[in-house]
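A short worksheet on the structure shown next.
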Protein chains: 2
Amino acid sequence: MSTILDVCKLANVSKATVSRVINGTGQVKESTREKVFSAMQSLGYRPNRLAQALATNKTHTIGLVVSDFDGIHFGLLLKQAAASAEFAKKQLIVTDGHNDPDYEYEVIMQLEAQCDAVVLYSRTLTDDHIQRLHQQLTIPIVVINRDLPEQLFHSVSFQQEDAIKLMMGHLLDNGHRQIACITGHMMNPTGIARLNGYKYSLAQLGVNFDEKLVKHGVYDMKSGYQACKELINDGVSFTAIIAFNDCMALGALRALTEAGIQVPEQVSIIGIDNDPVSEFFTPRLTTVKLPIADMTKQAVELAITLCDETKATHSYQYKGQLIERESVMPVRSVLSS
Amino acid sequence: MSTILDVCKLANVSKATVSRVINGTGQVKESTREKVFSAMQSLGYRPNRLAQALATNKTHTIGLVVSDFDGIHFGLLLKQAAASAEFAKKQLIVTDGHNDPDYEYEVIMQLEAQCDAVVLYSRTLTDDHIQRLHQQLTIPIVVINRDLPEQLFHSVSFQQEDAIKLMMGHLLDNGHRQIACITGHMMNPTGIARLNGYKYSLAQLGVNFDEKLVKHGVYDMKSGYQACKELINDGVSFTAIIAFNDCMALGALRALTEAGIQVPEQVSIIGIDNDPVSEFFTPRLTTVKLPIADMTKQAVELAITLCDETKATHSYQYKGQLIERESVMPVRSVLSS
DNA sequence: CTGTTAGCGCGTTCAA
DNA sequence: TTGAACGCGCTAACAG
């Protein structure tokens, strides 16, 4: 691995000159520029980015921290982040917080010297953690999917509660009143906001909230499947299921199918995410599209902007969009199921 | 962001001493160690990893390069890589090659100064590219899923052809002879090896290879769906479908369902990957498990080992395992479908 | 046990 | 237009 000194020797110039042609700064005579270029060429020289970063205090890297690589939206998020970063010629360094708040916190602090900005998609860090991070960090941080009461930092968020209301509205419009609910984790803001949406929609129509209709899942198919099985075994009656994501909705679909219950004839199902697989199940799943790609693009682009110019904190809000397919239909009679 | 100098001043010691307590090297009197510790504490000091790396020529980072973050196995691969890396207290830096060989090549070369080793999972780089990389790079590189004729570098590979033979064997054992094939991309070694497996198995039983039974997909559900639709529209007769991954098999399943063709009663389907969703479709998909997690673990651990000690090139081979579920059954009669 | 000095590979004044 | 010298934050001999 050749260094700038090797280039100097081969081209008979000083480090300063080589540095100038590398970065296109200052004035360099055409002939020497060519000398340097061909020297770099024949040596296969590539500037050491670590050294550059140390010298300039600019890494041209943005950090992406996620609580868990397993997360439902992680794939799409990463893909979009990578695309946006590359477009701006920035490197992306991705880190997993292993669902451990302390570890995640430490990881972000460590990133400070390695990135010009960080994008955080956390489901374990408390609002307080994020607040502290924002204060201690000398680099800007953009938070995805978190709504703090005050807009104290850059954020790109999603209207969780509204999305559920949208789903509930669709179900209620179709005459459903006995609506079972399969939630996600209940110890983070997303889960809580969504459950609030569920309760709110019920209350709006004067439907009593029934604890027995609520089961907690963990956002994967298996938990959706099991939650639905419990629902069936409990013998409670319901005409529709609202799941806090598509995977669990699909798991529930499987459980109903196995139990010989027709979807949507006997029970309607609605999910949220617009997971690509949802379209390939039978029946095709009705869902709410969650604009993860757009949000990620926004967040990364904001982070990139913040690398160079310091801007007032800005926050963006996104909302869901109903995608009607085949898994919801009007209730036939209140007695069904 | 405080530096080592700030700690020096606060603790009234030299950089060398601070460095010693940071790294636990050399001898330091207990009392001064404590002084330094508390100074670091109260400053919230964290060593700058870039500077450390530059000084020691050790980054404690391993690079992971993938052709495309969209790849089917990417999620699991990344998750396992992250777990293995963290276990060894190494950072992971992940990069997407955007399916562009030149870009990918350049990315890897750039990584040289930022990593102690790199793990490559490429489907666009030619064997020749990899060969050149191996020669030019001063850091070790571990290649996943590539079989070069000679074992010239560290590799962790999968017996692609055998896996297809396994699937075909299962179909043939069940009496199938008219077996349609939905392939993946045909310009990389994996696709070619798999198609060879298909042809080989057919030839073994003296079944003629029929061009019309082969359709090319791109490893996603949609392409599997379309390939199967073409098969149906073409009017060729077949009693089974072998798809080069689960997603396409599931897409095909959807197409058959829409066409009113019973699976597996009229047509059997087999996939490969053991994708988590496969279990939740009806019928549950019979497939071959591809040990991506194990392979990744092996590759990353090997890479980590190579950071410290230089070892003779080693290569590991993995093979698939049949998982029988519900989408394959014996042919009823040659006339079916 | 501790401090001094010299790098790591590069960017950037300031003179020349 | 160019080069010498210094600094980025840290580690690593080598003395003391």
Side-chain angles (χ1 to χ4, degrees), chain A residues 1-37 39-40 43-61 91 109-116 138-139 308, chain B residues 1-37 39-40 43-61 91 109-116 138-139 308:
Chain A
M1 231 183 49
S2 50
T3 77
I4 203 172
L5 282 182
D6 300 320
V7 180
C8 290
K9 285 172 194 156
L10 196 62
N12 269 318
V13 291
S14 70
K15 286 198 306 178
T17 303
V18 176
S19 177
R20 287 189 189 100
V21 350
I22 292 175
N23 301 298
T25 55
Q27 304 287 313
V28 181
K29 207 202 307 177
E30 188 53 31
S31 63
T32 63
R33 177 193 307 284
E34 282 170 12
K35 261 198 318 191
V36 173
F37 261 134
M40 296 198 301
L43 285 170
Y45 169 76
R46 284 162 233 271
N48 183 322
R49 307 190 70 169
L50 289 191
Q52 286 182 315
L54 193 60
T56 58
N57 198 28
K58 265 277 168 203
T59 62
H60 300 289
T61 298
Q91 256 204 169
M109 290 304 293
Q110 284 290 358
L111 246 35
E112 189 168 11
Q114 302 180 67
C115 304
D116 298 332
T138 57
I139 56 174
D308 302 318
Chain B
M1 232 182 49
S2 50
T3 75
I4 201 173
L5 282 181
D6 300 319
V7 180
C8 291
K9 286 172 195 154
L10 196 63
N12 269 317
V13 292
S14 70
K15 287 198 304 177
T17 303
V18 177
S19 177
R20 286 191 189 99
V21 349
I22 292 175
N23 301 298
T25 56
Q27 306 286 312
V28 181
K29 209 202 311 177
E30 188 53 31
S31 63
T32 63
R33 177 194 307 284
E34 282 168 12
K35 261 199 319 191
V36 173
F37 261 134
M40 296 197 303
L43 285 170
Y45 168 77
R46 284 161 232 273
N48 183 321
R49 307 190 69 166
L50 290 191
Q52 286 182 314
L54 194 59
T56 58
N57 197 29
K58 265 276 169 202
T59 61
H60 300 289
T61 297
Q91 257 204 170
M109 290 304 292
Q110 285 289 358
L111 246 37
E112 189 167 13
Q114 302 181 66
C115 305
D116 296 334
T138 57
I139 56 175
D308 302 316

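Chain A is the first sequence line, chain B the second, and so forth, proteins listed ahead of strands; every chain is numbered from 1. Hydrogens, waters and symmetry mates are skipped; everything else that's a heavy atom, side chains included, is used.
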For residues [X] and [Y], report the shortest heavy-atom separation together with the two atoms involved.
X: A:D116; Y: A:I139; answer: O-CB, 3.7 Å
X: A:K58; Y: A:D308; answer: NZ-OD1, 3.5 Å
X: A:I4; Y: A:Y45; answer: N-CE1, 3.5 Å
X: A:C8; Y: A:S14; answer: SG-C, 3.6 Å

Would you say [X] places a side-chain N or O within less than 4.0 Å of OP1 or OP2 belonging to [N]?
X: B:T56; N: D:dA12; value: no
X: B:Q52; N: D:dC10; value: no
X: B:S19; N: D:dT11; value: yes

Contacts of A:T25 and A:M1 projected onto DNA chain C by closest heavy atom; the upstream (5') one is A:M1
Give the nucleotide from the list [options] with an atom nearest to the side chain of [X].
X: A:K29; options: D:dG3, C:dT12, D:dT2; result: D:dT2
X: B:A51; options: C:dT12, D:dG9, C:dC10; result: D:dG9
X: B:I4; options: C:dG11, D:dG3, D:dC10; result: D:dC10
X: B:R20; options: D:dC10, D:dC14, C:dC14; result: D:dC14

Spacing of [X] atom [atom1] relative to [N] atom [atom2], expressed in whole Å:
X: A:L50; N: D:dC10; atom1: CG; atom2: P; answer: 14 Å
X: B:L54; N: C:dG7; atom1: CG; atom2: C1'; answer: 10 Å
X: A:Q27; N: C:dT12; atom1: CD; atom2: P; answer: 15 Å
X: B:I22; N: D:dC10; atom1: CD1; atom2: P; answer: 6 Å
X: B:N57; N: C:dG9; atom1: CG; atom2: P; answer: 7 Å
X: A:K9; N: C:dG9; atom1: NZ; atom2: P; answer: 11 Å
X: B:R46; N: D:dC10; atom1: CZ; atom2: P; answer: 13 Å
X: B:N48; N: D:dT11; atom1: CG; atom2: C1'; answer: 13 Å

Residue met sooner reading DNA chain D from 5', once B:K15 and A:T17 are mapped to nucleotides: A:T17
Is a side-chain donor or acceptor of A:S19 paired with a backbone partner of A:K15 at a separation under 3.5 angstrom? no
Please classify the nucleic acid contact of B:V18 as base, sugar-phosphate, or nothing, using heavy-atom distances under 4.0 Å. nothing
